[in-house]
Protein chains: 2
Amino acid sequence: MTAEARRSARGNGGAAPTLHDVAAKAGVSLATASRVLNGSERKVAESFRERVERAAEELGYTANVSAQATARGTSPVIALLVADIADPYFGLIAAGVARGADEQGLVVTIAITDRDPTRETRILRALRGQRPRGVILAASRDDNAETTSDELSAFARLGGRTVAFGDGADRSIRIDNRGGAERLGAEMAARGYRRAIALAAADGVRTSDDRLAGFTAGFTGGGGEVVRVYRSGFAREDGAASMQQALDDGVEQGTLVFALSDVVAIGAVSAIHDAGRSVGADIAVAGFDDVPVSRDVTPQLTTVRVPLSELGYQAFRATVDSEWEQADAPLEVIVRASTPDRT
Amino acid sequence: MTAEARRSARGNGGAAPTLHDVAAKAGVSLATASRVLNGSERKVAESFRERVERAAEELGYTANVSAQATARGTSPVIALLVADIADPYFGLIAAGVARGADEQGLVVTIAITDRDPTRETRILRALRGQRPRGVILAASRDDNAETTSDELSAFARLGGRTVAFGDGADRSIRIDNRGGAERLGAEMAARGYRRAIALAAADGVRTSDDRLAGFTAGFTGGGGEVVRVYRSGFAREDGAASMQQALDDGVEQGTLVFALSDVVAIGAVSAIHDAGRSVGADIAVAGFDDVPVSRDVTPQLTTVRVPLSELGYQAFRATVDSEWEQADAPLEVIVRASTPDRT
DNA sequence: TTGAAAGCGCTAACAC
DNA sequence: GTGTTAGCGCTTTCAA
């Protein structure tokens, strides 16, 4: 049964009007209708153009994106992979990506990896079916596993641009985790802290390693010492659990807790409260990222500002611009009340 | 130039392998390959099936979703509209939707309305081009404007399911804002509060109106009085601004501030601190939603728990299940330290 | 079971 | 300028 037949069979109820319908109603050819509605500018006589536009309007025509994509061989989508969309870190990145995509009339699809590399690879494979213009990987915060990088090259071979927060893709959004953490460490030492406990992720997780190494370098360089390192993950509960453990092990007054992210730091703050200790002069806490909630906890969190939303926007630009160079995204140490001066 | 010609012209470099390639390599027809790889189960001889699968594997074949969509007339996507993906309210909903979509192998596309009804309508129109299986509207927190509802019916006519947090769609996810707020108001009155200030959104915004009306009913029913209502929006900064204004107007000690959402409440908390006042015995604050940060501020925020992520999941189910009925999502009043007993 | 062939809705040569 | 027509990659009758 042809589309035509099917359409009249149901009296055209429930079927989306096609370009064909518009062309027929306007009394022009398919090609002309296509040129007016979706094709490149300037080529159609004004009178025709008007007729087509009116017909489209009356029919409520909207181009079928899938059909356009198969015909053109490319689809207007940018795929974004995040670990957890409810985490403000990723939420901010996603907001930046969405803003850019919107500017260009592109659609962004979001997939959640739950920080599971297997899932990540699987999703990537499925995403390939969308033949997206670009893929942005903000998921692992880790060096991208081998299988993931295979998938990434598969994308590249299809002509899609791959961008990663980290390595392994065509283009990388780099965050100077090490440098920022080092400045933070130095600043904390300068403010009189001498003992620090670090809350990190598993050894080998790049972001965590860099932040930890940077902090340690800066802090010891200023005369401090990182006395213990607890390892768990990136979630708030991980921070709470690690801190709980640390408290069980004993935390001297005046110790600084350096958490690898604000979210983790906030978990730590909660554990400190639960233990009846207090944040600040008793146990100081510093995080990383400067997500909005770091200003909403009491005391406000000392942290390193990462312009996440802006970086998301840049990541988007990186997927679409032919020429591209990452703009400078300087990280700034922000000292707040969670780390009072000890000098 | 045919695909064949093009492919050999570039030595097949850079082109995605097509079903055609797989079929050729396996020595079977297109139809058979399709049946094995993407079609319905059970129909192909085991030997053929194996050959096809091996060929697909070796070629690294992934079905082109757009082509499948044009051929099938339906695409495996669920479109989600949110006001602001960096807002935890929407982040949680999105997480629930994403979880459900993943279970069904569907893709979710996200669009941001920025709380602009015009944008919302425009986006909806563009989204229609994707011919998504379903659309979830979590954007306006408002009664859906007329144009929006036109777009929604257009979707429905195409056979797509529309689901809204609020009214105007095929199916609605309802949050008992009024009831929850009423219980909160009653509880606050029972705990000895007598004067309240409300921080709401513009008059006519449904969620805000319901929460405000509910709270007022419960609070006055318990002997309290809502002395002033400030109106702005749903963002943290709106809460800060409204609270600032309230403080300028004068806020008696022992007053309760009821904010229409936790995010707004947190803005208010920040304004209270900035003004050198304190949250709790001095000025009490209650919010709504129970987003994670409500437990991370000090003092922790009294609020009404809305199972946002779960509701996101339900919204997803509502788009895909033929039979559907909203599961009970009871709202629970959670009293925390931001509203100490005054009795 | 399998395969040939006619679509799906749209784009883009190419000719008029 | 405009229309014809052969694709895009895939699905799905319909015969064989």
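Scope of the values below: all heavy atoms of this structure, side chains included, with no hydrogens, waters or symmetry mates. The sequence lines fix the lettering, A, B, ..., with proteins before strands; numbering per chain opens at 1.
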Inset, instruction - Starting from the 5' end of DNA chain C, give me the residue, Ala45(B) or Arg72(B), whose nearest nucleotide shows up first. - result: Ala45(B)
Might you list the N or O atoms of the protein lying below 3.5 Å from N or O atoms in nucleotides 3-5 of chain C, with each pair's distance?
residue	atom	partner	partner atom	Å
dG3(C)	OP2	Ser29(B)	N	3.1
dG3(C)	OP2	Ser29(B)	OG	3.2
dG3(C)	OP2	Thr32(B)	OG1	2.6
dG3(C)	N7	Arg35(B)	NH2	2.5
dG3(C)	O6	Arg35(B)	NH1	3.4

Any heavy-atom pair between the side chains of [Y] and [X] that's under 4.5 Å?
X         : Y         : value
Leu81(A)  : Leu127(A) : yes
Thr319(B) : Arg171(B) : no
Arg133(B) : Val320(B) : no
Thr109(B) : Val108(A) : no
Asp167(B) : Arg206(B) : yes

Legend entry - Nearest-nucleotide comparison on DNA chain D, the residue closer to the 5′ end among Ala67(B) and Lys43(B): Ala67(B)
Legend entry - Charged N-O contact under 4.0 Å between Arg54(B) and Glu50(B): no
Legend entry - Pair Arg115(A) + Asp87(A), salt bridge at N-O below 4.0 Å: yes
Legend entry - Quiz item: Ser66(B) side-chain donor-acceptor pair to dG9(D) base, under 3.5 Å: no
So, OP1 or OP2 of [N]: does either fall under 4.0 Å of a side-chain N or O from [X]?
X        : N       : answer
Ser34(B) : dT11(D) : yes
Gln68(A) : dC10(C) : no
Asn38(B) : dC10(D) : no

Legend entry - Of residues 122-135 of chain A, the positions that come close to DNA chain C - non-hydrogen atoms, cut-off under 4.0 Å: none
Inset, instruction - Please list, by residue number, the residues of residues 53-64 of chain A whose heavy atoms come closer than 4.0 Å to an atom of DNA chain C; answer none if no residue qualifies. - result: Tyr61(A), Ala63(A), Asn64(A)
Legend entry - Minimum-distance pair of heavy atoms, taken over all atoms of Phe165(B) and Ala138(B): CD1-CB, 3.7 Å
Legend entry - Nearest heavy atoms of Ser322(A) and Arg161(A), plus distance in Å: CA-NH2, 4.1 Å
